[in-house]
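Structure first, commentary second.
These values consider heavy atoms only, across backbone and side chains, with no hydrogens, waters or symmetry-generated copies.
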Amino acid sequence: MELSLDSTRPPDGIPPIDFRAQLNDEQFAAVTAEPGPLLVLAGAGSGKTRTLTYRVAYLLAQGVKPGEILLLTFTNKAAKEMLHRVQDLTGIEPSRFWGGTFHSLGHRALRLYGEAVGLPRNFTILDAEESESLLKQVVDHEDKTFFKDKTNPRPGPLFSVLSLARNTQLPLADTVAQNFPQYTEISHRFPGFAAAYEKRKRTQNVVDYDDLLELWLELLRKTPDVAAYFAHRFRHVLVDEYQDTNTLQAQIVDRIATHHRVMAVGDDAQCIYSWRGADFENIMTFPNRHPGTVIHRIETNYRSTPEILNLANGVLLAQPKGRHFDKELRAARAHSQKPYLVATMDDREQAEFIVKRIRALVEDEGASLSEIAVLYRSHFLALEVQLALSRAGLPYHITSGVKFFERQHIRDAVALLRFVYNPSDALAWGRIAVLLPKVGEKGAQKIYAAAHDHARLLQKNFLDVLATDDVRSKVAKDARDEWQGFCESLQQVAAVMHGGRPSEAVETAIDGWYGDYLKGAFADYVDRLEELKALVGFAARFEEMQDFLAQIMLLNSETSDRQVDPDADAIKLTTVHQAKGLEYDVVFLIGLADGQFPGRRSIEAGDVEEERRLFYVGVTRARNELYLSYPKIASRAGPGGMMLTPSRFIQELPPELYEPLKIKRSYSW
């Protein structure tokens with residue numbers, strides 16, 4: 001069906017819509033564009049969802065049937081919101097469309113045609129826990145000793161490795177080298193496990209989440225008649241957040257949209273999810289894969305002040321030439337103050353500045369706490385801010401996870417230190433002992449009781465008897481191989497604790513048995529190790545272990561006593577990744593030092609472009625006020641600290657785009 005812009009009378013049942021009055025010039029041009037390959041580059045805060053919603057309504061108003069439109073999104077919530085808005089505009093119910101996430105529509109396609117790729121119609125879908133359980137069974141069958149080595153990935157992290165490789169369609173060795181370097185030495189084992197896992201799923205007639213995409217693509221590749229059916233049925237394909245597509249998703253779109261009547265809506269400058277499999281090249285090469293692509297730019301921003309957008313445009317201008325689409329955000333709002341650049345002595349002073357400024361915003365300027373956000377690249381950068389807000393009695397809500405000292409690996413490490421400092425602390429023992437293979441709560445209690453009795457009998461220190469045969473005999477058989485290393489690690493921590501500083505004891509704990517455990521337990525081992533190093537920095541401010549441990553317990557009780565309702569009036573603390581799509585009146589973007597943002601790993605790899613896009617996303621979350629701050633000294637480096645330089649992303653900006661804010665101890669504004 002070819003559309004004509006001259007068609008003014010909508011089909012029966014659809015009320016007339018004044019598209020011209022409802023949309024700005026850029027949106028109107030995209031919404032009413034002739035069918036064909038369309039790439040809509042929608043800048044931050046420019047009304048992307050509105051454009052996509054009105055495009056669906058426009059197609060319907062031109063006589064396209066609901067069943068001829070395929071709308072692909074990344075969340076069910078986004079699809080529902082768009083289709084309900086379409087219903088408000090046209091009266092057509094959401095159930096008449098194929099609209100939803102790639103995975104939900106892949107499931108729908110496989111229910112209809114899965115038999116063509118050997119998938120019986122009564123297949124069932126495994127949830128994440130079941131998928132990991134099946135993978136564990138398969139690996140145990142292939143190699144009973146694999147999971148007994150604590151530095152090897154456990155089923156969850158192993159599944160994460162296989163999943164990323166499947167979604168990016170990269171060899172497993174490449175996936176490990178790029179994203180999971182802790183498993184490099186054993187990556188040659190993974191292809192065999194992956195093949196056995198695939199075979200077991202087919203035998204049991206089950207699929208996992210990734211199969212919904214992989215098998216849908218296989219269906220489109222291997223069965224020309226089914227591919228032709230989809231291409232003929234869905235005469236108009238619309239894709240939301242196209243910059244976030246992975247290799248599988250982009251290929252599915254290309255296979256269905258062989259007619260090239262596809263509208264991809266996205267923003268290359270907001271592609272920040274490569275670690276989830278998103279491929280920046282998909283949006284950059286869209287015009288090559290769909291010849292004749294017409295590019296529409298939606299650049300009028302309704303969110304931020306002109307001064308914030310000037311700085312955002314400065315971030316984009318620093319991108320390497322030819323590696324992005326040119327765009328320039330234009331403000332629809334009146335002029336205001338420039339973003340502020342704040343250099344602080346260290347993380348603690350940075351946190352103090354934020355607290356003082358927030359108090360002034362709320363008490364003097366009537367700002368709402370819930371419209372203030374502190375954004376950061378990594379969790380460990382927010383540690384001092386959490387402490388300062390807690391001390392100041394300012395409620396905050398962490399939208400990207402739990403508070404620093406409540407994170408699993410932090411609590412594990414603290415429990416280990418507590419137990420070594422005080423071997424009578426049975427609860428601390430219970431937390432670390434159950435990390436050993438096949439040691440449950442009762443097993444941990446049994447070992448503890450045996451060690452306690454033996455230490456009393458021999459009149460020795462509790463830690464000194466853990467490695468004896470009498471105690472070892474009470475340890476689960478599967479844990480005995482690492483029992484010696486576990487005991488030695490506790491002894492090493494104890495030796496440092498009695499003669500050194502708390503920070504040295506924390507380092508020794510991380511370098512020992514627990515560090516090895518961490519490597520196998522978490523796919524994001526590198527990030528968690530970074531956070532444990534931040535714990536070393538926190539410990540460096542204490543001379544005595546009891547003061548360090550007491551402070552953590554006091555902080556935990558202070559913050560957990562005030563559980564903040566996510567909807568309450570509270571400051572938002574979140575990673576920039578989690579903040580994408582959100583907006584706040586006031587944004588503090590912190591830790592803007594080289595090695596922190598951009599992170600050390602991306603600098604060492606020689607590719608900071610995704611980090612630059614992440615910085616752009618952070619900047620464009622702010623409506624009215626933006627504070628860019630960085631510490632001159634990294635306190636987590638221990639006594640004396642390490643000198644830091646401002647982020648290269650700040651150094652690239654023309655100085656006239658921001659206003660340096662000199663802070664004094666009195667904080668005069």
Hey, does the side chain of S163 reach the backbone of F159 with a donor-acceptor pair shorter than 3.5 angstrom?
no
For E307 and K338: C-alpha separation, side-chain torsions, deciding distance, then whether salt bridge (Lys or Arg N to Asp or Glu O under 4.0 Å) applies.
CA-CA 5 Å; E307 286 70 21; K338 288 181 184 178; over 6 Å; no
Determine, stepwise, if the pair E611 / R377 fulfils salt bridge (Lys or Arg N to Asp or Glu O under 4.0 Å).
CA-CA 9 Å; E611 298 271 301; R377 170 67 185 86; 2.7 Å; yes
Cation over ring face, R528 and F522, 6.0 Å, 45°
yes
So, using ring pair (Phe, Tyr, Trp, His ring centres under 6.0 Å) as the criterion, who are the partners of H290 when residues are at least two apart?
H260, F286
Residues in ring pair (Phe, Tyr, Trp, His ring centres under 6.0 Å) contact with Y517, at least two apart in sequence or another chain:
W513, Y514
Whether R623 and E371 form a salt bridge (side-chain N of Lys/Arg under 4.0 Å from carboxylate O of Asp/Glu) is what I want to check.
yes
Only residue of R323, K327, R612 satisfying salt bridge (Lys or Arg N to Asp or Glu O under 4.0 Å) with D268 is K327
So that I can tick it off, tell me whether R411 and E406 are bridged by a salt bridge, with the cut-off set at under 4.0 angstrom between side-chain N and carboxylate O.
no
With a 4.0 Å cut-off on N to O distance, would you call R166 and D208 a salt bridge?
yes
Taking the six-membered ring for Trp, are W275 and H577 parallel (under 30°), tilted (30 to 60°) or perpendicular (over 60°)?
perpendicular
Does the ring center of F74 lie less than 6.0 Å from the ring center of F102?
yes
Would D240 and K48 satisfy salt bridge (Lys or Arg N to Asp or Glu O under 4.0 Å), going step by step from the backbone distance to the final call?
CA-CA 9 Å; D240 186 25; K48 168 186 66 69; 2.9 Å; yes
To the nearest 0.5 angstrom, please state how far the OG atom of S378 sits from the CD atom of E530.
6.5 Å
D267 bridged to R297 by N-O distance under 4.0 Å:
no
Proximity of F405 and F538 rings by center, below 6.0 Å
yes
Residue among N301, N624, T305 satisfying side chain to side chain donor-acceptor pair (under 3.5 Å) with R333
N624
State which residues pass ring pair (Phe, Tyr, Trp, His ring centres under 6.0 Å) with Y209; sequence neighbours excluded, sorted by chain then number.
H103
Axial cation check for Y183 ring with K519, 6.0 Å and 45° limits:
no
Restricting to pairs with a member in residues 626-635, which pass salt bridge (charged side-chain N to carboxylate O under 4.0 Å, His left out), not counting sequence neighbours?
none
Could I get the full list of side-chain contact (heavy atoms from CB on, under 4.5 Å) partners for R276, not counting sequence neighbours?
Y273
Can you name the one residue among R648, Q651, R600 that meets side chain to side chain donor-acceptor pair (under 3.5 Å) with D594?
R648
Residues two or more places apart in sequence or in another chain: which of them pass side chain to side chain donor-acceptor pair (under 3.5 Å) with S629?
Q350
Any salt bridge between E604 and R601, counting N to O under 4.0 Å?
no
